[in-house]
Amino acid sequence: MRVVIAGGHGKIALLLERLLAERGDQAVGLVRNPAHATDVRTAGAEAVVCDLEAASAGAVAVLLAGADAVVFAAGAGPGSGAPRKDSVDRAASVLMAEAGERAGVRRFVQVSSMGAGQPPRPGAGEVWAAYIAAKTAAEADLRARDLDWTILRPGGLTDAPATGRIRLAPPPVPAGTIPRADVAAVIAALLDYPGARHQTLELVAGDSPVAAAVHSIP
Ligand SMILES: NC(=O)c1ccc[n+]([C@@H]2O[C@H](COP(=O)([O-])OP(=O)(O)OC[C@H]3O[C@@H](n4cnc5c(N)ncnc54)[C@H](OP(=O)(O)O)[C@@H]3O)[C@@H](O)[C@H]2O)c1
C-alpha cells in the first residue's frame, strides 16, 4: 500500500512511517521544510517537499498519483495562533481531501481531535476555540466528500512509549490521553480495515489491543 502522509515530519507521522515501512508498505511524507527530508527517509519513507498552505489542489493531486491512501497528520502546532489553525488544521485538510478526490485516492484517514464537533469548553481561550472550529470544519468537509474516510479524534497526546492498549469508539468517549505511538498503530490498522470507512472514532488509552479494537468497530 502506498500511503501519502500530510505533515510527514510530525511526531505521529514519523512513528507511522516507521510502522508502515516495517510491514512493507510504502509511505510518502509531505514536508514543508526540505531540512526535514532526512528524518523522514530515516523513518523509512519517501520525502516530498510540499507546503500545504501554499500548494494548489491540482499540484497535490499530482503528488497523490498512484497512492492508495492519504493520512492527514499535519497541524499548526502548539505555538501557533488562530489564523494558522484555520490555514493548516482546516484548510490543509480540505486541500488534501480535494486532491484525493481529484487523484481518485479514496481512502483518507484524518487526524482530528477530541473536542471537535462540540462548542469549545467555556474559558478555554481564543486559540483553542479557533483550533476546535478548524477541526470541526475539516471533519464536516471530509464527511461531505465521496471518499472512504475515517475521522480519528485522539485525546491529549503524549510521547510515552506505545502500550498497544486503547479505547476506540464513536463519540462520546470520556476524555483521556494517548501515546502518539499508539495513535500511529491505530492509523496503520485503520488503513487496512474497510469496516472503518465513514466512521468518526475517539481514541484514548484503554484495555483493548489495537487490532481487536479496530476490528470491533461497529
Ligand atoms: N497535541 C495534542 O494533544 C493533540 C490532541 C489531539 C489531536 N492532535 C492533532 O494530532 C495531529 C498530529 O499531532 P502531532 O503531535 O504528530 O503533530 P506535530 O508533531 O505538531 O506535527 C505536525 C506537522 O504538520 C506540519 N505542518 C504544519 N504546517 C504545514 C504546512 N503548511 N505544510 C506542510 N506541513 C505542515 C509540521 O511541519 P513543520 O515542522 O514544518 O511545522 C509538522 O511536521 C495534529 O493534527 C494535531 O492537531 C493533537
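Every number for a ligand or one of its atoms is a count from 1 in the order of the listing.
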Exercise. State, yes or no, whether a side-chain contact exists between Thr163 and Ile178 at a heavy-atom distance under 4.5 Å.
Key: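 No - every pair of side-chain heavy atoms lies 4.5 Å or more apart.
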Quiz item: Can you find a heavy atom in the side chain of Arg153 that is under 4.5 Å from one in the side chain of Val204?
Solution: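 A side-chain contact is absent here, since even the closest heavy-atom pair is not under 4.5 Å.
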Quiz item: If you draw a 6.0 Å radius around CG in Asn33, do more than 12 non-hydrogen atoms from other residues or ligands fall strictly inside?
Solution: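 Correct, the count exceeds 12.
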Quiz item: Above 12 or not: heavy atoms from other molecules or residues under 6.0 Å from CD of Glu53?
Solution: yes
Exercise. Write down, by chain and number, every protein residue that brings a non-hydrogen atom to less than 4.0 Å from an atom of ligand 1.
Key: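 Under the 4.0 Å cut-off, ligand 1 touches Gly7, His9, Gly10, Lys11, Ile12, Arg32, His36, Cys50, Asp51, Leu52, Glu53, Ala73, Ala74, Gly75, Arg84, Val88, Asp89, Val111, Ser112, Ser113, Tyr131, Lys135, Pro154, Gly155, Gly156, Leu157, Arg180.
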Quiz prompt | Sole candidate of Ile5, Val40, Leu52 that passes side chain to side chain contact (heavy atoms under 4.5 Å, CB included) when paired with Leu30 | solution = Leu52
Quiz item: Distance under 6.0 Å and angle within 45° of the ring axis: does Arg197 meet both against Trp149?
Solution: no
